[in-house]
Amino acid sequence: MELSNRQEQIIEIVKEAGPITGEKIADRLKLTRATLRPDLAILTMAGFLDARPRVGYFYTGKSGSELLTETIKKYKVHEYQHVPVVVRENTSVYDAITTMFLEDVGTIFVVDEHSCLTGVVSRKDLLRASIGKQDLNEVPVHIIMTRMPNITVCRREDLLIDVANKLINKQIDGIPVVKDTAAGLEVIGRVTKTTITKVFVELIMNDHI
Ligand code: ADP
């Protein structure tokens, strides 16, 4: 976040003299309290300053990058997850390829009759199956998928940064968001590298902190 000159000045004053009232900051800058109000609101919302009623403003001592880290560490999976694209285990490889094109995704989750996760098929899994001589209409995806329990999953309340880490460490493009049920892990969403890229862009474009 780019601070204006005036905002920098306010921070300096509060660093030196805090806790200090808005009135006194305004006096020092020879401005009215009303003129200063938007700047104080921004600095407080962004976390540079804290405001205590009847005490005044004081400096939190946090740098821009510390505040950015704090912001990112609050992001949860459920705020950013996308709708999952799923197929049943007996879907043919041919139909899975068609689904991938139609739904414009790179990872498809395979589920049983309870919508519970049994496997994952990626682009490369489908390519690999396609270079053999088999009739792709005859090969069901469960033959070629990566299957449970070897699937990396996440849950709604997980931190997005932890899921991003899993994507990198496991070298995969997508992770299903699951819900624990008596029948197994129900697939309720997906987080992919695109999800993380979008969050990254949004963070910068919205000038989040
Ligand atoms: P690509 O096919 O483009 O390389 P991935 O890197 O996501 O896509 O997939 C690599 C391998 O990892 C594939 O065999 C796929 O089945 C498997 N895979 C994909 N997602 C997961 C996951 N969430 N958990 C476990 N394995 C996965």
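This one's a predicted model, so the numbers in the text were calculated from it and none came from an experiment. Along the sequence shown, residues are numbered consecutively beginning with 1. Ligands are counted one by one from 1 in listed order, and the atoms in each one are counted from 1 as well.
Side-chain contact of E89 with T118: a donor-acceptor pair under 3.5 Å is present, judged by distance alone. Using modelled atom types, one finds a donor on one side chain and an acceptor on the other under 3.5 Å when comparing T195 with H82.
Within 4.0 Å of ligand 1, the residues that place a heavy atom are V120, S122, R123, K124, D125, T146, N150, I151, T152, Q171, I172, D173, G174, P176, listed by chain and number.
The side chain to side chain contact (heavy atoms under 4.5 Å, CB included) test with I108 singles out one residue from R123, M145, M100, and that residue is M100.
Ion pair R128/D125 flagged as a salt bridge, since at least one NZ, NE, NH1 or NH2 atom sits closer than 4.0 Å to an Asp/Glu carboxylate oxygen.
The shortest distance between side-chain heavy atoms of F58 and L49 does not fall below 4.5 Å.
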Exercise for the section: Show your working on salt bridge (Lys or Arg N to Asp or Glu O under 4.0 Å) between K76 and E79 and close with a plain yes or no. Expected result: CA-CA 6 Å; K76 298 270 185 81; E79 298 167 77; over 6 Å; no
